[in-house]
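Data block below; observations after.
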Amino acid sequence: MRYFAIVESHDGEYGVSFPDLPGCVAMGATPEAALSNAVLALRDWSATYLRQEPLMPTPSSEQAVRQAYEGDIAPGAALALVALDEAGDASAPLSRL
């Protein structure tokens, strides 16, 4: 499964949130560090979630994420696609919003 994450700058730090995964967030000193932490957060979030639910939430499309957050995302934010495999391993490239 692949989930979109929004990477934004906040007072010299970077925050990452997953629109489809409430409470799954991460921070870092650089966009790369924040995204690396987001990969770990997704792995941990999914492990906890799957103890309570049989399936992960269905990922939104890129278009749905962009439409849902249109006007609410800070200039310079980036959209990352984080892949989570069946073993719970995650990885993510970074792209501009």
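Just so you know, residue 1 is the first one in the sequence shown, and it goes up from there. All figures in this text were calculated on a predicted structure; none of them were measured in a lab.
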Under 3.5 Å, which donor-acceptor pairs link side chains of residues 3-17 to any protein atom two or more places apart or in another chain?
residue: Y3; atom: OH; partner: P57; partner atom: O; Å: 2.5
residue: E8; atom: OE2; partner: A74; partner atom: N; Å: 3.0

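Between L55 and Y49, the shortest heavy-atom contact is O-CE2, 3.1 Å. Nearest approach of A33 to T30, heavy atoms of both residues: N-OG1, 2.9 Å. The two residues A26 and A34 have their closest heavy-atom pair at CB-O, 3.9 Å. Of all the heavy atoms in L79 and E62, the pair that sits closest is CD2-CG, 3.9 Å.
Counting heavy atoms from C-beta on, the side chains of P59 and R2 never come closer than 4.5 Å. M56 has its side chain within reach of L50: a pair of non-hydrogen atoms, C-beta onward, lies under 4.5 Å apart.
Counting only distance, with no hydrogens or angles, the side chain of W45 and the backbone of P22 share a donor-acceptor pair below 3.5 Å.
L84 contributes atom CG, which lies 9.0 Å from atom CG of L21 (distance to the nearest 0.5 angstrom). Distance check: R51 CZ to S46 OG gives 9.5 Å after rounding to the nearest 0.5 Å.
In the hydrophobic clustering of ILVMFWY residues, with side-chain heavy atoms under 4.5 Å counting as a link, F18 and M1 come out together.
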